[in-house]
Amino acid sequence: MNAGSEPLTLLAAIMLVFFIASLAWGLLASAAQVEPRMCQCLALVNALLAGSLAAHGLRGHAPALLTYWGSDVMGIAAIALLRASMPALNAPRLAWRSALAVLLPAALVLALLPYQGDMRWTSRLIFFCMTVLTVMASADAWQQLRIHVNRKLATVLTGPLFFISAMMLARLLESLLWPGQTTDVLGSGDFNLAWLWSTLVMNLVVNATMGLLVMTKLILRIQQLTRRDPLTEVLNRRALSEAIEVEHTRLQRGHSYEMPAPTMCCAALTKACTRPRRRAAIWYRPPRPESPRPICWSASRIRPPWPRWRASAA
């Protein structure tokens, strides 16, 4: 294979991976209805990255506004959307503020920088923004997973995201420490080829990891539905049986035996007492009975049955 064509081939392979991943996430969001908000965000992330690389590969053959500024902004927007979608692992909200706080100033500065001659500062700005966004996404994903799993498993699951952050940081350091070398992803340098191969592998790993995180969230939700009453959120008999099995296993290993039922009841009562009180929804409220009018026995206020003109004539 020619050395000049190898970066272009790797770039096409990365684009193909992004395109297939975008279709897969889109099918999960629309057809299967599996975490639709999270899957829609990931489908858009892969589509934006594929579009950014496609526009970058068309430099010199398409309009400069699309292939230069448009390609860079789409790449930063994809990572910003990835960062915004991380809170959806545990909550319905999205972190739009921090993502837009990085994306909008970067797009404005890129519009002011010239895309002619030395474009090292343009590349530094792009990879700096991507590094910041990927670090924020990795840290947020680790915090969301830490709620449900232990620290070691959360670190393993978010490891690919931290590795992507390290790759973006390496690209930034390359432009700072070796400014004479080219920073274009279509360059034929050894560092650029290694970076492209790593990007291709990490695309597969990151998409697989995000799929595992989505399935883990579904499993935890199903597990919660099987252990708790859907109306009162109180632990049911299945949870009590599992707690008894766990304590019996601990007893066989020589540990002290705890009573699961009182512990679970105390936990449920504590949760119910600390929960803020809400007014119960009343679908039907019977009307209040009308109180009878008080009877006045005063003779001065009793109206005569005859008209007033007859009383005055008499």
Side-chain angles (χ1 to χ4, degrees), residues 7-8 10-12 14-15 18-19 22 41-87 94-140 161 164-189 191-192 195-196 198-199 202-203 206:
L8 190 61
L10 288 174
L11 195 67
I14 296 171
M15 289 168 51
F18 281 138
F19 180 72
S22 178
C41 291
L42 292 175
L44 188 56
V45 166
N46 285 277
L48 286 174
L49 289 174
S52 175
L53 292 178
H56 187 89
L58 292 176
R59 289 184 176 181
H61 305 282
L65 182 62
L66 175 64
T67 57
Y68 286 91
W69 185 83
S71 172
D72 297 337
V73 171
M74 279 192 293
I76 300 176
I79 307 300
L81 184 58
L82 179 64
R83 186 269 172 279
S85 63
M86 283 299 107
L94 298 176
W96 291 110
R97 294 181 180 179
S98 58
L100 292 177
V102 178
L103 173 61
L104 296 181
L108 181 60
V109 174
L110 287 175
L112 298 177
L113 289 176
Y115 279 96
Q116 294 178 357
D118 188 9
M119 295 192 301
R120 286 178 296 178
W121 285 104
T122 304
S123 301
R124 291 169 184 172
L125 177 61
I126 294 169
F127 289 110
F128 173 76
C129 294
M130 289 185 175
T131 303
V132 172
L133 290 171
T134 49
V135 168
M136 294 170 64
S138 305
D140 203 354
L161 293 176
I164 291 291
S165 305
M167 290 176 57
M168 297 299 175
L169 181 61
R171 200 78 189 189
L172 176 62
L173 293 177
E174 184 220 6
S175 63
L176 292 174
L177 299 178
W178 296 282
Q181 296 183 5
T182 178
T183 57
D184 191 10
V185 295
L186 294 178
S188 57
F191 179 83
N192 186 57
W195 191 84
L196 288 175
S198 302
T199 304
M202 291 310 300
N203 287 338
V206 167

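FYI, the numbering just counts along the sequence from 1.
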Partners meeting side-chain contact (heavy atoms from CB on, under 4.5 Å) with [X] (sequence neighbours left out):
| X | result |
| --- | --- |
| A111 | W69 |
| M74 | L48, S52, A55 |
| L172 | R124, F127, F128, L169, S175, L176 |

- Candidate pair L161 and V135, rule side chain to side chain contact (heavy atoms under 4.5 Å, CB included), full reasoning: CA-CA 8 Å; L161 293 176; V135 168; over 6 Å; no

- Take W96 and L81 through the side chain to side chain contact (heavy atoms under 4.5 Å, CB included) test and state the conclusion after the steps. CA-CA 8 Å; W96 291 110; L81 184 58; 3.7 Å; yes

Do you know the tightest heavy-atom contact between [X] and [Y]?
| X | Y | answer |
| --- | --- | --- |
| L82 | V45 | N-CG2, 3.6 Å |
| T67 | A62 | CG2-CB, 3.5 Å |
| G75 | L49 | O-CD2, 4.3 Å |

From [X] [atom1] over to [Y] [atom2], what is the distance, rounded to the nearest 0.5 angstrom?
| X | Y | atom1 | atom2 | result |
| --- | --- | --- | --- | --- |
| I79 | I126 | CD1 | CD1 | 12.0 Å |
| M86 | C41 | CE | SG | 9.0 Å |
| L125 | M130 | CG | CE | 10.0 Å |
| L133 | I164 | CG | CD1 | 13.5 Å |

- Quick one: list whatever passes ring pair (Phe, Tyr, Trp, His ring centres under 6.0 Å) with Y68, sequence neighbours left out. Y115

N/O donor to acceptor pairs below 3.5 angstrom from side-chain atoms of residues 103-110, sequence neighbours left out:
none

- Message: Show me the pairs that pass side-chain hydrogen bond (donor to acceptor under 3.5 Å, both in side chains) and involve residues 97-111, at least two apart or across chains.
- Response: R83-S98

- Mark yes or no for whether S22, through its side chain, and N46, through its backbone, hold a donor-acceptor pair below 3.5 Å. no

- Step by step, would you call D140 with M136 a side chain to side chain contact (heavy atoms under 4.5 Å, CB included)? CA-CA 6 Å; D140 203 354; M136 294 170 64; over 6 Å; no

